[in-house]
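Just follow the structure's listing: the first ligand is 1, and inside any ligand the first atom is 1. We use all heavy atoms of the structure for the numbers below, so side chains are in, but hydrogens, waters and symmetry mates are not.
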Amino acid sequence: MVVARKLETPLEKNRKRFVRLAVLVSGGGTNLQALIDAIARGELNAQIVLVMSNKPGVLALSRAEKAGIPCEVLLPKKSSGREAYDEALAEKVSAYKVDLVVLAGFMRILSGAFLKHFPQRVINIHPALLPEDPEKDQVILPDGTASPAFRGLHVVEQALKAGVKWTGCTVHLATTDLDRGPVLKREVVPVLPGDTVETLHARIQEKEHKILPLAIARWAGRFAAKPC
Ligand code: GRF
């Protein structure tokens, strides 16, 4: 017997893929702004329901306030450890019933104490190319040569010091293995003669602003319909 399956209408599909976002920030918030703008232009089927910072008074918070997005600041306490902070952060974020947590320049490494609350629901934007295979420590560049994978902090500086011809940016799922989660989207950026950390980072950020909304849409297509 053939059982007819009811086909989803595009509207139903779209509704399913609507994403409630929490964006975690620590600084300028240009990626946050790119998301606010992409949503306003109707290019991303999402709503930012929370902007959370570990630092008060940062520009990212002003951007959120201007856009009418609820903001919270959770300061790390010197007396308590990383896990206590991460648990408290998870509790705050969970209260907003988010589908996806976006680390957009959040300058803290999140431990399993946070990540366990949002399995496959935390993504990070990283200002360098990361390999598709998280086990690898090299990335293949457009001319077929290999570059080291720059992980951790100060990766724009690492790329400049290594003298590579190309670097880029990557959006990936965050896991307890730092900068080794599955890749959602990448973009290559050439390193130009005379580049400084500032000029190169500015060009990388231009690409970040393009790929972050695309990566969220890709994430929604793959994971959002699955129950939490
Ligand atoms: C971005 O370059 C991102 O890759 C890195 O931190 C920077 C944040 O920039 N993780 P902004 O706060 O979004 O302007």
Notebook entry, point to check: Knowing that exactly one of K92, R82, H117 qualifies, which makes a side-chain hydrogen bond (donor to acceptor under 3.5 Å, both in side chains) with E87?
Noted result: H117

Next item on the list: Examine E208 against ligand 1 and note whether any of their N/O atoms are separated by less than 3.5 Å.
Entry: yes

Margin query: How far is atom 7 (C) of ligand 1 from the closest protein heavy atom, and which atom is that?
Written below: Q205 NE2, 3.8 Å

Notebook entry, point to check: Which bit of H201 is near ligand 1, meaning a heavy atom under 4.0 Å away: side chain, backbone, both or neither?
Noted result: side chain

Notebook entry, point to check: Can you find a pair of side-chain heavy atoms, one from L75 and one from P56, that are under 4.5 Å apart?
Noted result: yes

Checklist line | Salt-bridge criterion met for K161 and E157 (N-O under 4.0 Å) | finding: yes

Margin query: Students should be able to answer this: which protein heavy-atom is nearest to atom 14 (O) of ligand 1, and at what distance?
Written below: T30 OG1, 2.5 Å

Next item on the list: Tell me which protein heavy atom sits closest to atom 8 (C) of ligand 1, plus the residue, atom name and distance to 0.1 Å.
Entry: G105 CA, 3.5 Å

Note to self: Heavy-atom count check: over 12 atoms from other residues, nucleotides or ligands less than 6.0 Å from E91 CD?
What the structure shows: no

Notebook entry, point to check: Does G29, backbone or side chain, put an N or O under 3.5 Å from an N or O of ligand 1?
Noted result: yes

Next item on the list: Go through the steps for R17 and D99 under the test salt bridge (Lys or Arg N to Asp or Glu O under 4.0 Å), then give the verdict.
Entry: CA-CA 10 Å; R17 288 178 181 176; D99 298 306; over 6 Å; no

Notebook entry, point to check: Taking N or O atoms only and a 3.5 Å limit, does I125 qualify as a polar contact for ligand 1?
Noted result: yes

Margin query: With side-chain contact (heavy atoms from CB on, under 4.5 Å) as the test, pick out the partner of S53 among L74, L24, V25.
Written below: V25

